[in-house]
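Beneath this line is the structure, given in structure tokens, with notes to follow.
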Amino acid sequence: MADKIRFFPLDVMYKVIDNKPVIHLFGKTVDNKQICVLYDSFEPYFYVIPKKGFDIADELKNFKFTGNNQIYSITKIETVKKKYLGKDVNAIKVFTKLPRDVPIIREELKNIKNIESINENDILFVRRFLIDKNIVPMTLYEAEGIFGQQNLKVPSFKAEKIESYGTETFLQPKILSVDIETYTPQYMEIEPEKNPILMISFYAKDFQKVFVWKRFKNNLDYIEFVDSEEALIKKFKETIEIYKPDILTGYFSDGFDLPYIKARADKYKIKLDLGLDFSEIKIEKRRDTTVQITGITHLDIFKFIRKVISGTLETETYNLNAVASELLDEKKHDVDLNELSKAWDNNEEIKKFCEYNLNDAKLSYKLAEKLMPTISEMVKITGLTIYDVNRMGFSQLVEWYLLRQAPNFNEIAPNKPSNDDVLKRRLQTYKGAFVFEPKPGLYNNIVVFDYRSLYPTIIGSHNIGPGTLNCSCCQGEATYAPTEDNKKIWFCNKKKSFISTLIEDLITRRTRIKEIIKDQTDEKFAILDARQNSLKLLANSFYGYLGFFMARWYSIECAQATTAFGRYYIKDVNKKAEKFGFRVIYGDTDSLFITLGDKSKEDAETFSEKINRELPGLMELEFEGFYPSGIFVSAKVGAYGAKKKYALIDEKGILKIKGFESVRRNWSLIAKEVQEKVLNVILKEHNDEKAFEYVKKVIDDLRNKRIPLEKVIIHTQLQKEISDYDSRGPHVAVAQRLKNKGINVGPGSMIKFVVTQGSDIIRNRSKLPEEIKEEDYDSDYYIHNQVVPAVERIFNVLGYKKEELLEIKDQTKLEGFF
DNA sequence: GTGCCTCGGGG
DNA sequence: GTGTACGAGGCAC
């Protein structure tokens, strides 16, 4: 007698049991209990496309070979009618016993004649399963089968059938956030092999805890003392086992917290078998380290923010403080972590560090909670697990969306490029967007128009895609893309491409959501807004994907045609605006900035309506906004304005600033300070004279050594052993001197140095702050290489020249100015 | 200009 | 694990 259960899948893996791959879907039942649903009837396969006119079915059916003392064979084949890039093909679906047989058999098949190509042989088994069985994580399914006995931490259910059960989404995963503080003396690198973890904090909706292995008096109920680091790590393991989170999150926990905990656990020979199948946490050390726990979704919220939503944030640095400030309007505690190790050694007060620790865990928790709607929408669109969505960039998300959709179009996916292909593709370049450069200066009554989702709507409206590119059926009939060279690129008039169908679907789905979003409550709004934003992000990534060298559906011609149409449309509206009586001051890619002159705001709206009546398909010109005034910035040295650098003020007095990059951490404090102050004075006080004089004063202060040494120190981290450097930058030279003095420096050491006066190369003039006197720094270096570059672009907005900044100022005029 | 190196996030 | 995915900017040459 079969049972039925309803559940939301969250994580998926497979195991070979009795020489059969068994899919394990870990998730939550409708009554919120952990479950593992097993499915053993899914067979690995891939496609073989024979050369036209050849029948190799029998040869494949009987294909066998021996290797590694094993016999590999094809278990069965099916001949299927498929499409490959829009064209009909007769393909052979080749099945194997185990997933790991696929790459072996694929290699061996390369010896067979008359094979055109082998496809879809590198799609991981569990992802293949999710696609073919139409299973989307986080949505509701019903499984039919029996409860079984498996060696798992959660009940298991052996399913015969798994079917979609409505559209309900799992919205309340149990999230547990973790954060650690470690012993790291100042100037020393982070060394998990040497230095202990001092405390571990957890934060969840209904649970807060800081474990620490040094006792002190306090009245905080969330602090729990343990006797040693070893006990601390055991507590870490125990806490997760007891709390049973669906999602374990942290900020950069892929790259720091979890690998550190693992390294320390190894030292004490503590097995971190947190996987729901009793497996140990898996650390993959690549450039981007990843940490995986079977059955528990490890979400590194930093990674998601940087990879997926960084483009939508104002901040340019993605540290916890900056991101939490922007997204949560909350900050990290103001604590100097360098003091922690000292305090620890000297048995001083460490309470504030525990509070700091818990706060960090709380911030990560809140970020995860806040971004959950966006993440779950990405999961629902791409059909990937949260774990995968978390670690993929845009091009991969687009690719997995296409891979998931391909079977619905009966399409076989193209292969990933070979190394040779990648090299060739990397060399290909093409013309990008059109930019109408502004003359720097101040303007009044500005109206901004932009084409809504320009590239996505072009791809949709002009049927762009590798499958419709230069089709033989429309040769000579279709109009060419306006590429402005002799390249003849056209797209089919008769059938819609796979890619453009999908992108139009994304656009219309988004438009629908934006329509209903207007009258929604706060809660509903957040989810729908996240959803429309995910759709937008994905649609916007298609163009880049088509031109991305690693893409399966790569097509330089498609990318080229997209920008060509883009240039055509923006130039077209530019011409029409001038004809209508506006003055165009700036245009870039998809937007047009005009001044009204003697026309009104209403005229501008009439204009955009007129344009829209003539646009094809889903293309639309939007009236983005009206701004009483604005300034356009000059970028590098030169008479002309720059792309994407401007500041506008709207009718409410709110500033809109674009294109001012912030300085990186290895700049001196003085450069950072000056940039910040100048932006403030110009953008808030509108007093460019004051900003200018301020910088002149700082430059003068530098010349006269009135800026203290501490503000000119540059911090650079040593990345490897000194002897391993071929090219010796300033910090390497300084590190060498430190080493000569007997100070232990190595990879990870933060080297502080100051560039001093002289005529030698910078490396030889870089000294340790303690080696030199207060006034030894090279004023010219700091003026020309630090302060001026930090503000130069900002001043070009106002027509000031770099030279004017550098003029020796008249001391008397400025008395008492600041 | 080319090529090598560093940064990010975390303590 | 049916693998393998950075990209921008500074300094030395």
Side-chain angles (χ1 to χ4, degrees), chain A residues 13-14 16 21 44-46 94 96 98-107 118-129 179-186 188-192 195-199 250-260 282 284 286-289 300-303 305-307 310 316-323 335-341 353 356-357 360 364 391-396 399 416-417 419 422 548-551 661 663-667 714-720 724-732 748 750-751 761-763 766 785 789:
Chain A
M13 53 94 74
Y14 84 93
V16 176
Y45 72 88
F46 57 97
V94 174
T96 68
L98 296 175
R100 61 169 171 263
D101 297 344
V102 169
I104 298 163
I105 291 174
R106 174 242 286 151
E107 283 311 306
I118 301 173
N119 292 67
E120 304 198 10
N121 55 73
D122 55 355
I123 294 174
L124 298 185
F125 186 63
V126 293
R127 291 186 188 152
R128 171 92 280 169
F129 167 79
D179 186 55
I180 67 171
E181 304 303 329
T182 65
Y183 184 81
T184 316
Q186 201 166 6
M188 299 305 281
E189 59 182 304
I190 295 173
E191 288 175 293
N195 298 319
I197 300 167
L198 307 180
M199 54 185 84
Y251 204 82
F252 199 45
S253 45
D254 254 348
F256 179 71
D257 301 80
L258 295 186
Y260 206 111
K282 287 179 274 297
E284 299 242 354
R286 275 184 260 139
R287 191 194 67 80
D288 255 12
T289 301
D300 181 346
I301 197 65
F302 157 72
K303 231 173 226 178
I305 288 165
R306 202 201 47 192
K307 291 200 162 187
S310 61
E316 294 195 33
T317 55
Y318 302 106
N319 57 51
L320 181 56
N321 198 44
V323 170
V335 162
D336 181 359
L337 264 191
N338 288 321
E339 289 172 16
L340 170 58
S341 301
F353 299 104
Y356 167 90
N357 188 204
D360 278 4
S364 319
R391 285 158 186 82
M392 285 183 185
F394 275 120
S395 49
Q396 287 169 88
E399 186 147 289
K416 283 191 269 194
N419 289 341
V422 169
F548 176 52
F549 59 85
M550 288 296 286
E661 64 283 89
V663 290
R664 301 207 303 178
R665 94 166 177 197
N666 58 338
W667 281 55
I714 297 169
H715 298 79
T716 308
Q717 199 177 32
L718 211 60
Q719 289 304 107
K720 47 188 181 183
D724 292 343
Y725 280 91
D726 296 327
S727 173
R728 304 168 67 80
H731 67 297
V732 184
M750 184 61 78
I751 307 298
I761 57 173
I762 290 171
R763 171 172 69 208
S766 300
N785 295 48

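So that the names make sense, note that chain A is the first sequence line, chain B the second, and so on, each numbered from 1. Source: prediction; values computed, not measured.
Each of Glu181(A) and Arg287(A) was matched to the nucleotide of DNA chain B holding its nearest heavy atom; the match closer to the 5' end belongs to Arg287(A).
Of the candidates dA12(C), dG9(B), dG3(C), the closest approach to any side-chain atom of Pro730(A) belongs to dA12(C). Of the candidate nucleotides dT4(C), dA12(C), dT2(C), dT2(C) has the atom nearest to the side chain of Val102(A). In the set dT2(C), dA5(C), dG11(B), the nucleotide with an atom closest to the side chain of Arg128(A) is dT2(C). Considering only side-chain atoms of Phe548(A), the nucleotide from dG7(C), dT4(C), dG11(B) that sits closest is dG7(C). Distance from the side chain of Gln396(A) is smallest for dA5(C) among the nucleotides dG9(B), dA5(C), dG10(B). Between dC13(C), dA5(C), dT2(C), one nucleotide has an atom nearer to the side chain of Pro44(A) than all others, and that is dT2(C). Checked against dG11(B), dG9(B), dA5(C), the side chain of Tyr318(A) finds its nearest nucleotide in dG9(B).
Among the heavy atoms of the strands lying under 4.0 Å from Ile180(A) are primed sugar atoms or P, OP1, OP2 only; no base atom is included. Contacts of Pro103(A) with the nucleic acid, taken as non-hydrogen atoms under 4.0 Å apart, involve only primed sugar atoms and P, OP1 or OP2. Within 4.0 Å (heavy atoms only), Asp360(A) reaches sugar-phosphate atoms of the nucleic acid but no base atom. Among the protein residues, Leu320(A) comes within range of the sugar-phosphate backbone only, with heavy atoms under 4.0 Å from sugar or phosphate atoms but none that close to a base. Nucleic acid contact for Phe46(A): none, since no nucleic acid atom lies under 4.0 Å from a heavy atom of the residue. Nucleic acid contact class of Arg306(A) (heavy atoms, under 4.0 Å, all strands): none. Within the 4.0 angstrom heavy-atom criterion, only backbone atoms of the sugar-phosphate kind lie near Asn319(A); the bases stay farther away. Tyr14(A) comes within 4.0 angstrom of the backbone, heavy atoms only, and of no base.
For the pair Arg763(A) and dC13(C), the criterion of a side-chain N or O lying under 4.0 Å from OP1 or OP2 is met.
Atom CD of Gln396(A) is separated from atom NZ of Lys307(A) by 6.0 Å, given to the nearest 0.5 angstrom. Interatomic distance, Phe394(A) CZ to Ser310(A) OG, rounded to the nearest 0.5 Å: 7.0 Å. Atoms NE2 and CD1, on His731(A) and Ile714(A) in that order, are 12.0 Å from each other to the nearest 0.5 Å.
Within residues 251-260 of chain A, the residues having any heavy atom under 4.0 Å from DNA chain B are, by residue number, Tyr251(A), Phe252(A), Phe256(A).
Residues satisfying the side-chain hydrogen bond (donor to acceptor under 3.5 Å, both in side chains) test with Glu399(A), not counting sequence neighbours, are Tyr545(A), Arg552(A). Among residues two or more places apart in sequence or in another chain, the side-chain hydrogen bond (donor to acceptor under 3.5 Å, both in side chains) test is passed with Asn321(A) by none. Tyr356(A) pairs by the ring pair (Phe, Tyr, Trp, His ring centres under 6.0 Å) definition with nothing, not counting sequence neighbours. Under the ring pair (Phe, Tyr, Trp, His ring centres under 6.0 Å) criterion, Tyr14(A) pairs with Phe125(A), not counting sequence neighbours. Contacts of Asn119(A) classified as side-chain hydrogen bond (donor to acceptor under 3.5 Å, both in side chains), with partners at least two apart in sequence or in another chain: Ser117(A).
Taking the side chain as every heavy atom from C-beta outward, Tyr251(A) and Asp360(A) never approach each other to under 4.5 Å.
Regarding Asp300(A), its CG atom lies at a distance of 16 Å from the P atom of dG8(B), rounded to whole Å. Across the protein-nucleic acid pair, Lys307(A) atom NZ and dG9(B) atom P stand 14 Å apart, rounded to whole Å. If you measure from atom CZ of Arg391(A) to atom P of dG9(B), you get 18 Å, rounded to the nearest angstrom. Between Asn121(A) atom CG and dG3(C) atom P there is a gap of 8 Å when expressed in whole angstrom units. In this structure, CE of Met199(A) is placed 11 Å from P of dG11(B), rounded to the nearest angstrom.
With C1' as the reference atom, dG3(C) and dG7(C) are 22 Å apart, rounded to whole Å. One C1' atom belongs to dG9(B), the other to dC6(C), and the distance between them is 14 Å to the nearest Å. Spacing between dA5(C) and dG1(C) at atom P, rounded to whole Å, works out to 11 Å.
With hydrogens and angles left out, the side chain of Glu284(A) and the base of dG3(C) share a donor-acceptor pair within 3.5 Å.
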